[in-house]
Chemist: 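This is the structure, below, for whatever I ask next.
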Number of protein chains: 2
Amino acid sequence: MSTGVDQGRSPYTGEWVGSPIPHTTTAELDRVAATAAAAAPALAALPLADRAHLLRSVAGALAANRDAIVELADAETGLGTTRLSGELVRTRVQLEMFADAVTDGSFLDVVIDPPDPDALPAPRPDLRRMLIPLGPVAVFAASNFPLAFSVGGGDTASALAAGCPVVVKAHPSHPGLSALCARIVSAALAEAAAPEGTFAIVFGEHAGRDLVTHPAITAVGFTGSLAGGRALFDLAATRPDPIPFYGELGSLNPTVVTPGALAGHGEQIATGFVGSFLLGTGQFCTKPGMLFLPAEHGLAPALTAAIDQAALGPLLNERIRDRYERSAAELTGTAGVREVVAHRPVADGAGYRSGPTLAAVSAADLRANPQLLEERFGPAALVVEYGSADELVDTIALLPGSLTATLHADPESEGALIRRLIGRFATGAGRVIWDGWPTGVAVTWAMHHGGPWPATTAPLHTSVGVTAIRRFLRPVVYQNVPDAFLPAPLQAANPLGVPRRVNGATAP
Amino acid sequence: MSTGVDQGRSPYTGEWVGSPIPHTTTAELDRVAATAAAAAPALAALPLADRAHLLRSVAGALAANRDAIVELADAETGLGTTRLSGELVRTRVQLEMFADAVTDGSFLDVVIDPPDPDALPAPRPDLRRMLIPLGPVAVFAASNFPLAFSVGGGDTASALAAGCPVVVKAHPSHPGLSALCARIVSAALAEAAAPEGTFAIVFGEHAGRDLVTHPAITAVGFTGSLAGGRALFDLAATRPDPIPFYGELGSLNPTVVTPGALAGHGEQIATGFVGSFLLGTGQFCTKPGMLFLPAEHGLAPALTAAIDQAALGPLLNERIRDRYERSAAELTGTAGVREVVAHRPVADGAGYRSGPTLAAVSAADLRANPQLLEERFGPAALVVEYGSADELVDTIALLPGSLTATLHADPESEGALIRRLIGRFATGAGRVIWDGWPTGVAVTWAMHHGGPWPATTAPLHTSVGVTAIRRFLRPVVYQNVPDAFLPAPLQAANPLGVPRRVNGATAP
């Protein structure tokens, strides 16, 4: 039951874009899920080379439609064509990297233990373990990454690489783009002879909830707000058969500047910080929302100057703009918080623009006001002024889990403090950054984009990088099964040449 | 708040064993959890060789106390000294295997991507990823494995191997043994210079719930019933900060005999099946609870004879005995179910003995009665009689997730059917067994002991084998961090010699 529609609006003007797209009904969703379930065994059974070909086909088709995609993405998100062209390249490169990982085969995590008649407490049978696909995966598209974390984005790429059919829930903020990308992805998969049902898209909040509770769905990938993510996590956890829910929710991304770094290149840090926290109008999950500076830092003029020079695009939609303005007001209205740059709401009616917010607070007042530890989506950040190194470390210890934590320090003179901070960062964040900025997430084998709650709902997993595939795989071990009936990666001859750990040792 | 006590009773006689052990109070539990949290960074920082030494120290101490452990274990569980001696060997071997895995270092899953100025869409920084310990882990001991899945068992071994402090919740059925083993484990850890708080034990159901919701606890390992596991899973999932809950709950462990296997060695299969389902008085999580036989199999006499010859020990405790008898009555009272061997409750008052139950049903009646798809803990099993191969495959498809699925077939004449069944088994079970029996789980690198709901709450993970360590680790990536401030496994010189994947390729 659903009677609503999704329709995009231009963040530049507030005007409607394209035509309304009706929400998916429960009956339609049942059909979509059943088709995905029917596709699962066929997709899982495809040879790895064919599975990699599907990913490359999607990558090529998205790249081939660049102009249409970027134009519609900008109309619905206001992120600008430069950023969106880069995001499309990232989306393509990501799909290609997962295709490489599929043919590499190490993601199968094959472990083989030959029989051992002398094993204790009992003789050991022949055991051959590998990872297999979980089944149909629901992917919730993100407002702030309409390409790289949406229809053909990282969750879809890693689920397909795992061999799982995908059902995308479109984001209501860019429905026209979602429909366009879904048509391109579907056509590319069909052309590459993917099983029917390998990919589908649904629209509407009701369809999203139906998807998370549908018996055919075996896992969920989500990028979005803490409140929305928690609600869907709870649905997944209260199913009769709970399923994994991989949600990336909210992150403060603390950034620490030590006295040594301040003395060495304070002004440069101020400029870098402003560039990072205002990038994409502050709508990155890795936005550095909290800058720890020594008290008496003297950087207010440099920070103000950098903000004055920044060109700020509109926010993604009306709801995000309104929420941002409420959040900025709450921030600057908190006891002990001072404005470094006065927040200037832009109320001229032209789209969803607003002004940046930079506030400051003492570390003591931060500790006294836990509401300051919440993420504020949009161009807002908080400078936290600390006294001693001990106060800095004690305050850092109170922060909730983050995707990233960044350190600017002097390696020559501050070794002991650096070790304390990096140790603390590692327990609270998924990525520890030295002398840089958290915005910009490289898509590589080693990347980890995750972290303890509330950064994510699943601290063991990442939504970026090759290991993101693991979210959608589970192990199976075959005991004494004759070679002819084993999956190819486990057969004695290793016909696919996949890496295998045999008898406890990695084979060359 | 808790005023109860735990005290063991002999399953052979029903008499009390040892002295009552008071339940842990909330205040005591807070202290235990705080101490574990304080130990976490110190334990995580131990060199890998020292961490391995802790595990070996525990292994040696448990083995050195064999006689006292086995005697008390038998008094409280009635599992017999032969089985319990074997279980103690398994517990020791398990700890030693995890020690080997710690020094091997591959469990750290190190991935290193050097900088790449030409990467698309942007130049790539230096990225170095490894796994680090989650933090304090709660371990719920199992009634049916008082050693290998309890105080010093697999969950404890894998959490310590990961570098996580452990707080065990003792099982009320073997509290004296739990206290004895906890003293041995604690002394061995202290002797090996483990940080204080590396290990603790608590008693009482209330303490167990407190543990799952305690802010200091970061993950839970559990082996037990579906109802108990689901209740604790729900507690973990509804925390303000949900944590991973690794529960092994209930499993039917279907076993299929094809016409070819029946013709070839039907009587031998009947004997093997009875030996496996009655092993440990049917109290294994891998008990083959469902045997699929061709209709007109003619094995009733062989099954009956094997059961008549079996020597059956008592059940673990009064509650399990009573639940088993209710469950057996429910089974044989279901429409279409016939008794192969009449269930004979043993009501002479001597301890917790009961008789075995073997019933039979047609595949059609199984499909019509979903309550037959529930695990029945204890010496009960159900023969399912099928007509055609299609009926067999269609019925198998309806089974809930299991830890194991076993096939007896003729590889020469039944290749096509075998492929269909093994494919189906892999999607519904964690271990696929050929021509054997599911009881007996080898502790090796390749072993997987897990499966889809309701076999476990976490289908991606295992509670047996080296990969069980991963449940208690999460990734962190270091970006551009100077070598001197990196953890040893990530440093350029690789001083520990751990296996690493560099730039997408496995280093030799």
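Lettering of chains follows the sequences in order, A, B, ..., and the numbering in each one begins at 1.
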Chemist: Against B/V498, only a single residue in B/T103, B/V110, B/L490 fulfils side chain to side chain contact (heavy atoms under 4.5 Å, CB included); can you say which?
Modeler: B/V110

Chemist: Counting heavy-atom pairs under 4.5 Å with chain B, which one of A/S85, A/G451, A/P125, A/A429 comes out on top?
Modeler: A/A429

Chemist: If you measure from CD on A/E412 to CD1 on A/I418, what distance do you get to the nearest 0.5 Å?
Modeler: 9.0 Å

Chemist: Identify which part of B/R470 has an atom lying under 4.5 Å from any heavy atom of chain A, answering side chain, backbone, both or neither.
Modeler: both

Chemist: With rounding to the nearest 0.5 angstrom, report the OG1 to CG distance, A/T91 to A/L147.
Modeler: 5.0 Å

Chemist: Is A/P244 in contact with chain B via its backbone, its side chain, both, or neither, using a 4.5 Å heavy-atom distance?
Modeler: side chain

Chemist: Restricting to non-hydrogen atoms, name the atom on B/H408 and the atom on B/G436 that form the minimum distance, rounded to 0.1 Å.
Modeler: NE2-O, 3.0 Å

Chemist: Just so I know, are the side chains of B/S463 and B/R471 near enough to count as touching, which here means a heavy-atom distance under 4.5 Å?
Modeler: yes

Chemist: What part of A/A40 is in contact with chain B, defined as an atom under 4.5 angstrom from a non-hydrogen atom: side chain, backbone, both or neither?
Modeler: neither

Chemist: For the interface with chain B, which of A/H461, A/R92, A/R239 has the highest count of heavy-atom pairs at distances below 4.5 Å?
Modeler: A/R239

Chemist: Quick check: under 4.5 Å, non-hydrogen atoms only, which of residues 127-134 of chain B neighbour chain A?
Modeler: B/L127, B/R129, B/I132, B/L134

Chemist: Between A/V89, A/D116, A/V476, which residue shows the highest count of heavy-atom pairs closer than 4.5 Å to chain B?
Modeler: A/V476

Chemist: Taking the six-membered ring for Trp and the single ring otherwise, decide whether the centroids of B/Y246 and B/F472 are under 6.0 Å apart.
Modeler: yes

Chemist: Is B/F485 close to A/R419 at the side-chain level, that is, under 4.5 Å between some pair of heavy atoms?
Modeler: yes

Chemist: When only pairs under 4.5 Å are counted, which of A/T462, A/T457, A/D234, A/T427 shares the most heavy-atom pairs with chain B?
Modeler: A/T427

Chemist: Please flag which part of B/D435 lies under 4.5 Å from any non-hydrogen atom of chain A: side chain, backbone, both or neither.
Modeler: neither

Chemist: Under 4.5 Å, counting heavy-atom pairs only, tell me which of A/P240, A/G415, A/P487, A/P123 racks up the most with chain B.
Modeler: A/P240

Chemist: So which of B/L460, B/V93, B/V111 has the biggest tally of heavy-atom pairs under 4.5 Å with chain A?
Modeler: B/L460

Chemist: Which bit of B/T467 is near chain A, if near means a heavy-atom gap under 4.5 Å: side chain, backbone, both or neither?
Modeler: side chain

Chemist: If you count heavy-atom pairs under 4.5 Å with chain A, which of B/V443, B/T218, B/L120, B/D100 comes out on top?
Modeler: B/L120

Chemist: Flag the one option from B/I422, B/N503, B/T444, B/N480 with the top tally of heavy-atom pairs under 4.5 Å to chain A.
Modeler: B/T444

Chemist: Considering only NZ, NE, NH1 and NH2 on the basic side and carboxylate oxygens on the acidic side, decide whether A/D113 and A/R501 come within less than 4.0 Å.
Modeler: no

Chemist: Just give me the residue among B/G86, B/A442, B/A426 that pairs up with chain A most often, heavy atom to heavy atom, under 4.5 Å.
Modeler: B/A426

Chemist: May I ask you to test the B/T456-B/L403 pair for a side-chain heavy-atom distance under 4.5 Å?
Modeler: yes

Chemist: Sub-3.5 Å donor-acceptor pair from the side chain of B/E87 to the main-chain atoms of B/A148, do we have one?
Modeler: yes

Chemist: What part of A/R424 lies closer than 4.5 angstrom to a heavy atom of chain B: side chain, backbone, both or neither?
Modeler: neither

Chemist: Are B/P489 and B/R500 packed together at the side-chain level, in the sense that at least one heavy-atom pair is separated by less than 4.5 angstrom?
Modeler: no

Chemist: For a quick check under 3.5 Å, do B/T404 and B/N253 share a side-chain donor-acceptor pair by atom type?
Modeler: yes

Chemist: At a heavy-atom separation under 4.5 Å, does A/D109 approach chain B through its side chain, its backbone, both, or neither?
Modeler: side chain

Chemist: Report the option among B/P121, B/A237, B/P475 that has the most heavy-atom pairs separated by less than 4.5 Å from atoms of chain A.
Modeler: B/P475

Chemist: To the nearest 0.5 Å, how far apart are CG in B/L421 and CD in B/E414?
Modeler: 9.0 Å

Chemist: Does any part of the side chain of B/R124, heavy atoms only, come nearer than 4.5 Å to the side chain of B/P114, both counted from C-beta?
Modeler: yes

Chemist: With a 4.5 Å cut-off on heavy-atom pairs, point out which of A/D126, A/L473, A/L486, A/I433 contacts chain B the most.
Modeler: A/I433

Chemist: Do the side chains of A/T286 and A/R431 get nearer than 4.5 Å, heavy atoms only?
Modeler: yes

Chemist: If you define the side chain from C-beta out and look only at heavy atoms, does anything of B/P400 sit under 4.5 Å from B/W453?
Modeler: no

Chemist: Quick check for you: among B/Y478, B/F425, B/W445, which has the greatest number of heavy-atom pairs under 4.5 Å with chain A?
Modeler: B/W445

Chemist: Please classify the contact of B/F233 with chain A as side chain, backbone, both or neither, using a heavy-atom distance under 4.5 Å.
Modeler: side chain

